[in-house]
Number of protein chains: 2
Amino acid sequence: METTATREALLDAAEELFAEQGIEGTSLRAVTSKAGANVAAVHYYFGSKEGLIREVFARRLAPLADQRLARLAACGEPGEQALECILRAFVEPFVELGWRMDLGTSATHRSGRLIAQVLLEPGDFLRNALADAFRETFVRFADAFERALPHLDHSEVIARLNFAIGTMIHGVAGIRLYQEEHEALPRSKELVDRLVTFLVAALEAPATLPRTASAPDEEPA
Amino acid sequence: METTATREALLDAAEELFAEQGIEGTSLRAVTSKAGANVAAVHYYFGSKEGLIREVFARRLAPLADQRLARLAACGEPGEQALECILRAFVEPFVELGWRMDLGTSATHRSGRLIAQVLLEPGDFLRNALADAFRETFVRFADAFERALPHLDHSEVIARLNFAIGTMIHGVAGIRLYQEEHEALPRSKELVDRLVTFLVAALEAPATLPRTASAPDEEPA
DNA sequence: GTCTATATAGCGATAGAC
DNA sequence: GTCTATCGCTATATAGAC
């Protein structure tokens, strides 16, 4: 269809500009001018800027969810899945998506920062949409992690899963508050391997004992 | 001084609104109206919105750096510091700062998201200012971590330190993409303990071995 | 389905009264 | 030191020509 060409061009342009300049910081004019169209086209296809934003993410998140769940299923029967396999099923598709969304972005403003941005932006609508899109995935992975980490209670598994998500997002976003001068940003595969090593150990850590409450004398070895 | 009253009120209002609505999403009018002043006052005291933003952070970051370095020094002589002590020196002051900056913020938009936001926002000026403010701290801590983790090479220590920063920021920001219905957000002390358990294990993990080949750029045949 | 032209509103910044 | 009023600009959104 020819009508789809403009639509896709708008989505591509928006995705790229959002990653470079932020979502709030990107005007419809910038999007349409990059896409070779004009402001009215956005409202014709998406109704509003909010509709455009929603579509930019929806286009990526459904395939991401599918891929993660397929990879998880390939780890074996529930209850017998290896922790590293579960973790890779969770991390790898996300990192690859981050890299793909990054194609036109400058080297210093890397990749998946788009998703990280959304998590922090003020408006509720997108964060809620994101949470909805991820809910099924997270429920399934939380269950898999819980079975693979029998030494942890439910609440600590959830807390660690949320930590792991933060580590992953921050890693994919390529944020370096502390960066060596000549250090190159890691390639996708190297990043995944380092993330997995880091997170497997973190998830397997012994349970956190309450330091305040009943056992004040105990220091963890 | 009486002049300081308005100035401080502007900084307080700005800090609170930035955390709630984002920096880009907060207008000077919103800040001044909350502070009981008006737009001109911002330009009188800070010259511009950018100057205001800079001051909001500068007011918090210098004490944070001091506190962290003091805590690190209290861990003992360089080369003999325990990993957990170094990590707590790094994490605890940051978490407490996040909690303090959160006072007026609604429960669903927690704490340190302000710093997390800055890391992702488009403009370079603030990220550079933040990197500058943290540089000394990070150099000192990177050195301490490297001595405490002799099984890792320099580049992996740096990579893991950046991961740890991401974990910490995400945790303090209170982001929960996956949240149980009745789950309460953890208290500061509980968060710190869980973060430390998680990160000690992660940092101590064995070195990541290249999985593809001897050189990271090579594609497997 | 795509354009131009415009309506409406909000922004940061500044001048000048007090 | 603090105010009101306003300038100049840009944003999203829409109406209507083609």
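Computed from a predicted structure; not experimentally measured. Proteins get letters first, then strands, A, B, ... in listed order; numbering begins at 1 in each. Reckoned from all heavy atoms, side chains included, excluding hydrogens, waters and symmetry mates.
Not a single side chain to side chain donor-acceptor pair (under 3.5 Å) links B:Arg29 to another residue, sequence neighbours left out. For B:Arg160, the side chain to side chain donor-acceptor pair (under 3.5 Å) partners are B:Glu156, not counting sequence neighbours. Residues forming a side chain to side chain donor-acceptor pair (under 3.5 Å) with A:Asp143 (at least two apart in sequence, or on another chain): A:Arg147. B:Ala144 meets the side-chain contact (heavy atoms from CB on, under 4.5 Å) test with B:Leu72, B:Gln81, B:Ile86; sequence neighbours excluded. Under the side chain to side chain donor-acceptor pair (under 3.5 Å) criterion, A:Lys34 pairs with A:Glu16, not counting sequence neighbours. Taking the side-chain contact (heavy atoms from CB on, under 4.5 Å) definition, one finds that A:Ala142 meets it with A:Ile158, A:Leu161, B:Tyr178, sequence neighbours left out. A search for side-chain contact (heavy atoms from CB on, under 4.5 Å) contacts involving A:Ala202 returns B:Phe198, B:Ala202, not counting sequence neighbours.
Rounded to whole Å, atom C1' of D:dA11 lies 17 Å from atom CD1 of A:Ile23. The CZ-P distance, from A:Phe46 to D:dT14, rounds to 16 Å in whole Å.
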Practice item. Check step by step if side chain to side chain contact (heavy atoms under 4.5 Å, CB included) holds for B:Arg135 and B:Arg140. Key: CA-CA 9 Å; B:Arg135 180 154 300 124; B:Arg140 300 271 287 275; over 6 Å; no
Practice item. Go along nucleotides 11-18 of chain C 5' to 3' and tag each nucleotide: B for a protein heavy atom under 4.0 Å from its base, S when only backbone or sugar atoms are that close, - otherwise. Key: BBBBB---
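End-to-end axis angle for the helix from C:dG1-D:dC18 to C:dC18-D:dG1, using five pairs per end and rounding to 10°, comes out at 0°.
Phosphate contact (OP1/OP2 of D:dC3, side-chain N/O of B:Tyr44, threshold under 4.0 Å): absent. Residue B:Thr6 places at least one side-chain N or O under 4.0 Å from the OP1 or OP2 atom of D:dT2.
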